[in-house]
Amino acid sequence: MSGEHQTLALLLFSGFVAVTLGITTWVGWRRHGSAEEFYTGGRLFSPMENGFAITGDYISAASFLGVTGLIALYGYDGLLYVVGFLVAWLMVLFLVAELVRNCGRFTLADVVAARMSERPVRIAAGTSSVVVSVLYLVAQMVGAGSLVALLLGRTSGAAQAWTVIGVGALMVIYVSLGGMRATTWIQIVKAVLLLGGTVALTVLLLLRFHGDVDQLLVTAAQRSGHGDAFLAPGLKYGGSWTARLDFISLGLALVLGTAGLPHILSRFSTVPTARAARRSAVWSIGLIGGFYLLTIVLGFGAAAVVGPGALRASNAAGNTAIPLLALDLGGGAGSTGGTVLFAVVAAIAFATILAVVAGITLASSASVAHDLYASLRRSRGEQKGGGVRREVAVARFAAVGIGVVAIALGLLARDLNVAYLVGLAFAVAASANLPVLMYSLFWRGFTTRGAVWAVYGGLVPALGLVLLSPVVSGCRGSLFPGVDFQYFPLQNPGIVSIPLGFLAGWLGTVTSDEIPDEAKYAETEVRSLTGAGAV
């Protein structure tokens, strides 16, 4: 890229960072230091504000960079991510949003621990939440590295590393200083920028083809090198029975995983009532649905305008499809329009990464402090009321540790597609978090052993199968291509690990000597359905 591209894009990056740091600092000065303020922003957001914030949290680098890249490279098969990400919100709306808002306080463990032995359940749910969050963060770090590699022309591998480190540092600052309130406003600003940029790119693309979508698809198929197969199922997932099973596994993970994502569940605690939580979900479905419809057009547009060959030359996983499409639509390399549009889109993508990592880091640091640390403190006999400020301080320190881990893994996985990495996070969330959440809300006889077994029975197989899959070793695109300990043929473990999570929860319950507390279940049921007694 030319010096003009670099300068303008970096100026826009700096402008967004300056604005968001200003928001964070302002909110940090006004905070009251309470746990409710830090974790939920005081529950003062309206449904529309929270809907935009959820949209900002959910639309990550995987959607803006990864999904469009997959569609541009694999055509129809790339649409699975769009369908999965969107259909998942129907489960969130009907099964999770209102019930979690009524039963929970800050984290997933609050919902489960309401009728169980608190300490083992909190440790299990907190551990799972941190693992899912770190996997999700890795995808954002990889997206940041790909973006700056494109911006700087891949002149230095060190540039990618320093970018990932910079993103990690910024997310720690956002969480430590501003908490949920600052993070929410950053998400709202980011969502508006992202939706506006996506609409503008779609309009320019359709103008290029005079509004003829058929011509756009025909051109994309011709330039793909696959002909009509580019527009039909099977290009990526239909070559063998293994590929088809991988397709089913990924679909299960995407559809079921959203309801178990810690940073999404925590969003429903930032509104004052359960009705507001449901209305937030409706707002987010509309905004997210509109965005994903546009990404389909942009994905095929990148194939038609830029071409898969140029995309792979820039980034083998296709993570730079949107910036390259913007450059071409603006007039091409060296043109003023291309420079401006590329810089704007690159800045929006960078803003997307910064905002999402802040939200995920906040959710994971809350799990460390509110679930893991608080359980340890209470086991030592300390009083609950005296440690609230200490718990918030632990959350801020936890953000630093989580940031370091995510940076290290992001540097290791920088050549993988970000949408694919997010698919792994969804698989772990669906395997470990969803079973314990569903059983806690809907099974009268669920016990503490069942809750702990449900979490670990999904978490351990999901992580173990990923380690033994082609993701880690055995092929050219693996994390460690030079070694081979691949014994599980699928790239996504969801088809095995999700049923195991539900099975482990059932088995732990039926083998437990604990007598379920009927009164606590009745209280949870009334509270979840009516909101009576909700925080």
Side-chain angles (χ1 to χ4, degrees), residues 59 61-90 198 201-202 205-206 208-209 211-258 288-312 314-322 324-325 416-424 426-427 470 477 490-492 494-495:
I59 300 176
S63 301
F64 193 57
L65 300 177
V67 170
T68 49
L70 285 173
I71 294 173
L73 295 179
Y74 299 105
Y76 183 94
D77 278 10
L79 294 179
L80 172 65
Y81 285 88
V82 174
V83 174
F85 285 149
L86 186 54
V87 171
W89 272 99
L90 297 178
T198 306
L201 278 180
T202 304
L205 176 65
L206 292 176
R208 171 73 66 90
F209 289 90
D212 191 343
V213 178
D214 285 344
Q215 184 59 39
L216 186 154
L217 294 175
V218 169
T219 305
Q222 290 172 347
R223 295 204 63 182
S224 70
H226 299 286
D228 291 341
F230 188 71
L231 305 178
L235 192 60
K236 181 174 175 60
Y237 294 110
S240 64
W241 279 107
T242 300
R244 293 172 188 174
L245 284 175
D246 229 343
F247 179 90
I248 297 171
S249 186
L250 177 61
L252 284 172
L254 295 180
V255 171
L256 300 178
T258 301
I288 292 168
F291 170 81
Y292 280 124
L293 288 175
L294 298 182
T295 60
I296 296 173
V297 179
L298 294 178
F300 284 109
V305 174
V306 181
L311 293 178
R312 286 193 172 93
S314 172
N315 181 273
N319 293 329
T320 55
I322 284 287
L324 289 177
L325 176 63
L416 296 179
N417 183 280
V418 289
Y420 171 68
L421 287 171
V422 165
L424 295 181
F426 274 64
L490 306 183
Q491 292 186 333
N492 193 290
I495 195 170

inquiry  = I want to check something: taking the side chain as every heavy atom from C-beta on, are Val213 and Leu206 in contact at a cut-off of under 4.5 Å?
reply    = yes
query = So do the side chains of Leu325 and Thr68 get within less than 4.5 Å of each other, counting heavy atoms only?
reply = no
note = Of all heavy-atom pairs linking Phe291 and Thr198, the shortest is CE1-OG1, 3.4 Å
Closest heavy-atom pair and its distance - Leu311, Thr320 = O-OG1, 4.3 Å
task = List the atom of Ala253, the atom of Asn492, and the distance in Å for their closest heavy-atom pair.
result = CB-OD1, 3.7 Å
key: Nearest-0.5 Å distance, CD1 of residue Ile288 to OG1 of residue Thr295   = 11.5 Å
ask   = Only one of Val82, Leu298, Leu79, Ile59 forms a side chain to side chain contact (heavy atoms under 4.5 Å, CB included) with Val67, so which one is it?
value = Val82
message = Let me confirm one number: the OG1-CG distance from Thr258 to Leu86, rounded to the nearest 0.5 Å.
response = 10.0 Å
key: Minimum heavy-atom distance between Leu254 and Ala88, given as atom pair plus value   = O-CB, 3.3 Å
query = When the ring planes of Phe426 and Phe85 are compared, do they come out parallel, tilted or perpendicular, using 30° and 60° as the limits?
reply = tilted
message = Between Val305 and Phe209, is there a side-chain heavy-atom distance shorter than 4.5 Å?
response = yes
ask   = Where is the tightest heavy-atom contact between Tyr76 and Phe300, given as atom of each residue plus distance?
value = N-CZ, 4.2 Å
request  = Heavy atoms only: give me the nearest Ala72-Ala303 pair and the separation to one decimal.
outcome  = O-CB, 3.5 Å
query = If you look only at pairs with a residue in residues 211-226, which of them pass as a side chain to side chain donor-acceptor pair (under 3.5 Å), with sequence neighbours excluded?
reply = Gln215-Thr219
